[in-house]
Trainee: 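Can you read through this structure? Questions will come right after.
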Amino acid sequence: AYMAQQILSRKPRDERAAVADFLETFDAELPDEKVRIVEAAFEKKGGLDSLAKPADAAKSLSAMGRLVFGAPEFQMY
């Protein structure tokens, strides 16, 4: 829930801004097409609304994390 609180404290205007904040937190630079995949996964798991409840935030943030941390671009940085 800490990561969700951090993202919400910066008042993202939409899911895209929340994903950008997540990526910036981990200094992850991904190509645009992969960022769109991360955004879609975040939206599928509830998007911004999911960050309000710890159980829902865990699902949406872990969906993003799996994609970001498993990306070769992240591993090679």
Side-chain angles (χ1 to χ4, degrees):
Y2 176 77
M3 178 60 64
Q5 291 173 350
Q6 292 300 305
I7 293 172
L8 288 175
S9 73
R10 292 185 276 276
K11 298 181 171 117
R13 63 190 178 286
D14 56 19
E15 279 79 3
R16 179 171 287 203
V19 170
D21 187 80
F22 182 88
L23 294 174
E24 185 177 321
T25 298
F26 293 101
D27 202 21
E29 295 180 19
L30 299 178
D32 289 340
E33 62 271 7
K34 290 195 178 178
V35 172
R36 286 191 294 276
I37 292 169
V38 175
E39 289 169 357
F42 181 54
E43 289 173 9
K44 184 176 179 181
K45 294 293 184 178
L48 280 177
D49 292 338
S50 71
L51 299 180
K53 295 180 183 177
D56 294 339
K59 293 173 187 173
S60 63
L61 294 172
S62 66
M64 286 197 294
R66 280 193 299 276
L67 292 168
V68 172
F69 304 141
E73 296 86 354
F74 182 78
Q75 298 293 325
M76 295 174 70
Y77 180 69

Trainee: Could you tell me whether the side chain of Phe26 reaches within less than 4.5 Å of the side chain of Phe74, counting heavy atoms only?
Mentor: yes
Trainee: For Ala52 versus Pro54, what's the shortest heavy-atom pair and its separation?
Mentor: O-CD, 4.1 Å
Trainee: Are more than 12 heavy atoms from other residues, nucleotides or ligands located less than 6.0 Å from atom CD of Glu24?
Mentor: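 Atom CD in Glu24 is not packed in, count stays at 12 or less.
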Trainee: Could you check whether any side-chain heavy atom of Thr25 comes within less than 4.5 Å of a side-chain heavy atom of Gln6, counting everything from C-beta outward?
Mentor: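 Not in contact.
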Trainee: So which atom in Ala18 and which in Pro12 form the shortest heavy-atom distance, rounded to 0.1 Å?
Mentor: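 Minimum heavy-atom contact is N-CB, 3.7 Å.
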Trainee: So which heavy atom on Leu30 is nearest to which on Val35, and how close?
Mentor: O-CG2, 3.7 Å
Trainee: About how many Å separate OG of Ser50 and CG of Leu48, when rounded to the nearest 0.5 Å?
Mentor: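 The CG atom of Leu48 sits 7.5 Å away from the OG atom of Ser50.
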Trainee: Compare every heavy atom of Leu51 with every heavy atom of Ala57, then report the nearest pair and how far apart it is.
Mentor: CB-CA, 4.0 Å
Trainee: For the atom pair NZ (Lys44) and CD (Glu15), what is the distance rounded to the nearest 0.5 Å?
Mentor: 15.0 Å
Trainee: Give me the atom names and distance for the closest heavy-atom approach of Lys45 to Ala63.
Mentor: CG-CB, 3.9 Å
Trainee: Only one of Glu39, Glu29, Glu73 passes side chain to side chain donor-acceptor pair (under 3.5 Å) with Lys34; say which it is.
Mentor: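 The passing option is Glu73.
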Trainee: Can you tell me how far the CG atom of Asp56 sits from the CG atom of Leu61, to the nearest 0.5 Å?
Mentor: 10.5 Å
